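Note that these values count all heavy atoms, side chains included, but never hydrogens, waters or copies made by symmetry. No experiment lies behind these values; they were computed from the predicted model shown. Atoms within a ligand are numbered from 1 in the order they appear, just like the ligands themselves.
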Amino acid sequence: MGALDIAWNVRNGITSAVDIVEEHLAAIDAREGEIHAFNLVLADEARLRAAEIDEMVQKGDDPGPLAGVPVALKDNLCTRGIATTCSSKILGDWKPPYDATVVTRLRDAGAIAIGKTNLDEFAMGSSTENSAFGATRNPHDTSRVPGGSSGGSAAAVAAGFAPISLGSDTGGSIRQPAALCGTVGVKPTYGAVSRLGLIAFGSSLDQVGPFATDVADAAVTLEAISGHDPGDSTSIERAPLELRAKLEMGAAAVRVGRITDLPAGAGPDVQERLDEAFDALAAAGAEIVDVEVPAFTYGLTAYYLIAPAEASSNLARFDGVRFGSRVTAPDTNQMYMATRSDGFGAEVKRRIMLGTYALSAGYQEAYYGRAQKVRRLIANDFSAAYEQCDVLLTPTSPTVAFEVGAKTSDPLAMYLCDTYTIPSNLSGDPAMSVPFGTGADGLPVGVQVLAPALQEATMFRVAAELERSQA
Ligand code: GLN
């Protein structure tokens, strides 16, 4: 049962939230051993909250649009009094003193947190193999990765452990695992969803967004978490997004852009599904227009200067003084060094070194400064393309899920997973992945729908048409 069906049943007293939670805990018991989607399952907390929801319904109170819906939370979202690890050793057993705004909003909408999901350490990676607590496996084939960095959240939804989950997306970390696990995954417009309580990776790129089994469930979840938050200075002063009203409108007369100068790299299976997606939208009455986005191809390069630069400064706070683990040493400097050497994994150290280099005196203008200019060009090129079309369609991931271990010794190969997702983080525009058939070895393929800032309603409308065309 999807999130909207669960909520309808719970609100109308047809199913109890307690039963819903037990069903999902049983699903977790059955397969979590082979998948490892979670760092922590909140069984007791979920049962207690479910009983509260059922009590509200009995009293005639409405628990909200996500009443009784289990939700899995990426373990870089702060949960009050509950360990939040970022899948890193350095946070030790640190327990945040507050909830992330998105966590509070989901709770206020009636959802039930069922667990904290595994990720690449500090959200740096594309396979969830960079976790200090071991890799997550793809529920469709456990010899494969689920994608990353929100691989645990994608796998939890794909395995039926929770109908919805939250991830974070700095360069593709929601959309790429969604594609590899056959779920819907959304990166909202930068500033549409609060980052308060999301442990920062690249502050100018990070956004929280939902995973779901279908477009309507993703819509109701994003509606619940979006809207202005005075606690996040980059939060846009707007009411929550309204997405469900337009879902049934179809794609008639929508102008769908095909990027003719898209960087190469997508496999033939992915390319075929994308072509079929264009055909499906054309059959539904959409107008397909060819557009150019010349700077798209420089996205990856600019991102690997900007994101590490921001990460190196954000991660400076993990110094053994304020958070989690500390390795004792004869003096403060040695303590910092020992704590950080022991606490961070190899990929995080690589990013910190790349970032401090890109920001160092004498190089800052050549690297970080230039990357910022490229970022502006990408945003400008998208704006120009959106004068000719309402949405753009691209592959999400160049390939289907790959084997565990296939890219761990080749960082560049891993980085190339995000060729098609990174540009919208740099521009701040929304983008989402919708499952669209299968590719090599019968594994899921995702198609990416991109839209101008705050045009999520149109993006969801097109995504819903893509979903409908496969029914
Ligand atoms: N895979 C990209 C990286 O490693 C994106 C990660 C993300 O979106 N958090 O940086």
Below 3.5 Å, N or O to N or O, backbone or side chain included: is there any such pair between Lys74 and ligand 1? no

Lys/Arg N to Asp/Glu carboxylate O, Arg105 vs Asp108, below 4.0 Å: no

Is it true that Ser87 and Asn39 share a donor-acceptor pair across their side chains at a distance under 3.5 Å? yes

Can you report which non-hydrogen protein atom sits closest to atom 1 (N) of ligand 1, along with the distance? Asp418 OD2, 2.6 Å

In sequence, state the C-alpha distance, the side-chain angles, and the governing distance for Ser131 and Asn118, and then conclude on side-chain hydrogen bond (donor to acceptor under 3.5 Å, both in side chains). CA-CA 7 Å; Ser131 164; Asn118 197 16; 2.7 Å; yes

Heavy atoms from other residues, nucleotides or ligands near CZ of Arg376 exceed 12 (cutoff 6.0 Å): no

Tyr303 heavy atoms, cut-off 4.0 Å: which ligand 1 atoms fall inside? 2 (C), 3 (C), 5 (C), 6 (C), 10 (O)

Which of the numbered atoms in ligand 1 are under 4.0 angstrom from any heavy atom belonging to Tyr304? 2 (C), 3 (C), 4 (O), 10 (O)

Answer yes or no: does an N/O atom from Gly171 fall short of 3.5 Å to an N/O atom of ligand 1? yes

Backbone N or O of Val184 within a donor-acceptor pair of the Ser433 side chain at under 3.5 Å? no

Where ligand 1 meets Met124 - atom numbers and elements under 4.0 angstrom, heavy-atom basis: 4 (O)

Counting only heavy atoms, tell me which of Gly167, Ser173, Ala123, Ser149 gets closest to atom 7 (C) of ligand 1. Ser173

Contact check: Gly125 vs ligand 1, nitrogen or oxygen atoms, below 3.5 angstrom: yes

So if I count the atoms of ligand 1 from 1 in the order they appear, which ones are less than 4.0 Å from some heavy atom of Ser126? 1 (N)

Is the distance between the ring centroids of Phe122 and Phe318 under 6.0 Å? yes

Any salt bridge linking Asp169 with Lys187? Criterion: basic side-chain nitrogen under 4.0 Å from a carboxylate oxygen. no

Within a distance under 4.0 Å of any heavy atom of Phe201, pick out the atoms of ligand 1 and give their elements. 9 (N), 10 (O)

Between the side chains of Ser150 and Lys74, does any donor sit under 3.5 Å from an acceptor? yes

Taking distance alone, with N or O pairs closer than 3.5 Å, would you say Arg351 contacts ligand 1? yes

